[in-house]
Amino acid sequence: MDVTNKHRTMNKMFDLVNKYPDLNITVKAGELKEWAEYIVRLTHQELEQQVVNAKCETYLSRDEVAEMLRVNKSTLWRWNKQDYLKPIEVGGKRKYKMSDVKRILNN
């Protein structure tokens, strides 16, 4: 069986289990092992993607940051002067790093 057909079969099993959770299924031990390995691979891929997404830096506008932190824009100006939260230039606009905002939210 080629890889594409295996994926279809595995996905059909997911559908079957979701649709009929109380259904008794008879499978060979080797097939069960294959299915378990398939689930582990899918989970691994999903977790890898989450890690990659978390590492990507995003940038927020002053309005977005003020709303997220529930502060006035003048507070953002003051924090910039105090080196507490500094914006950076992105495409000619002042933006805040999401990682910096998360640092403040977590403290």
Side-chain angles (χ1 to χ4, degrees):
M1 186 182 294
D2 65 66
V3 175
T4 305
N5 284 335
K6 279 187 181 184
H7 287 291
R8 280 192 201 120
T9 302
M10 301 297 173
N11 286 329
K12 285 180 185 177
M13 285 183 68
F14 277 120
D15 293 341
L16 193 61
V17 168
N18 287 328
K19 192 170 183 179
Y20 306 103
D22 295 327
L23 179 69
N24 289 319
I25 302 173
T26 303
V27 294
K28 295 178 184 174
E31 292 171 338
L32 184 60
K33 181 179 180 247
E34 251 183 75
W35 195 46
E37 289 169 348
Y38 176 75
I39 292 169
V40 169
R41 275 194 307 278
L42 282 181
T43 303
H44 180 75
Q45 289 170 354
E46 289 174 13
L47 290 174
E48 269 186 340
Q49 189 59 50
Q50 288 176 8
V51 168
V52 166
N53 291 346
K55 287 183 178 179
C56 293
E57 185 68 70
T58 55
Y59 300 94
L60 304 168
S61 71
R62 182 178 57 173
D63 292 337
E64 291 169 322
V65 173
E67 185 177 330
M68 279 182 84
L69 297 176
R70 295 182 180 149
V71 297
N72 193 293
K73 292 175 194 169
S74 62
T75 301
L76 295 179
W77 178 85
R78 190 176 69 253
W79 285 352
N80 179 30
K81 295 296 177 193
Q82 296 170 344
D83 290 332
Y84 182 65
L85 179 63
K86 297 191 80 56
I88 61 169
E89 286 279 327
V90 177
K93 297 183 179 186
R94 298 177 73 90
K95 298 281 186 172
Y96 293 84
K97 290 183 187 179
M98 180 59 130
S99 58
D100 291 342
V101 174
K102 284 181 180 178
R103 174 184 48 82
I104 291 172
L105 284 170
N106 291 331
N107 286 335

Review point. With sequence neighbours left out, what residues match D15 under salt bridge (charged side-chain N to carboxylate O under 4.0 Å, His left out)?
Key: none
Expected list for residues 65-78: side-chain donor-acceptor pairs under 3.5 angstrom, two or more places apart:
| residue | atom | partner | partner atom | Å |
| --- | --- | --- | --- | --- |
| N72 | OD1 | S74 | N | 2.9 |
| N72 | OD1 | S74 | OG | 3.2 |
| K73 | NZ | D63 | OD1 | 2.7 |

Practice item. Report the residues that fulfil ring-ring contact (aromatic ring centres under 6.0 Å, His included) with Y59, sequence neighbours left out, ordered by chain and then residue number. Key: none
Study note, to complete from the structure: Taken in chain and number order and not counting sequence neighbours, the residues that satisfy side-chain hydrogen bond (donor to acceptor under 3.5 Å, both in side chains) with E48 are H44
Point to revise | Transitive ILVMFWY cluster of V40, excluding itself - 4.5 Å side-chain cut-off | key: none
Review point. Do N11 and R8 have side-chain N/O donor and acceptor atoms under 3.5 Å apart?
Key: no
Point to revise | Distance (rounded to the nearest 0.5 Å) between L60 CG and K95 NZ | key: 8.0 Å
Check your understanding: Do the side chains of R62 and N80 get nearer than 4.5 Å, heavy atoms only?
Key -> no
Give the table of side-chain donor-acceptor pairs shorter than 3.5 Å for residues 19-37, with sequence neighbours excluded, one pair per line with atom names and distance.
| residue | atom | partner | partner atom | Å |
| --- | --- | --- | --- | --- |
| E31 | OE1 | K28 | N | 3.2 |
| K33 | NZ | E37 | OE2 | 3.2 |

Check your understanding: In the single-linkage hydrophobic clustering (I, L, V, M, F, W, Y; side-chain heavy atoms under 4.5 Å), do I88 and L85 co-cluster?
Key -> no
Point to revise | Contact check, side chains of F14 and L42, non-hydrogen atoms, under 4.5 Å | key: yes
**Study point:** Residues that S99 engages under side-chain hydrogen bond (donor to acceptor under 3.5 Å, both in side chains), provided they are two or more places apart
**Key:** E57
Study note, to complete from the structure: residues 84-107 vs ring pair (Phe, Tyr, Trp, His ring centres under 6.0 Å), sequence neighbours excluded, gives W79-Y84
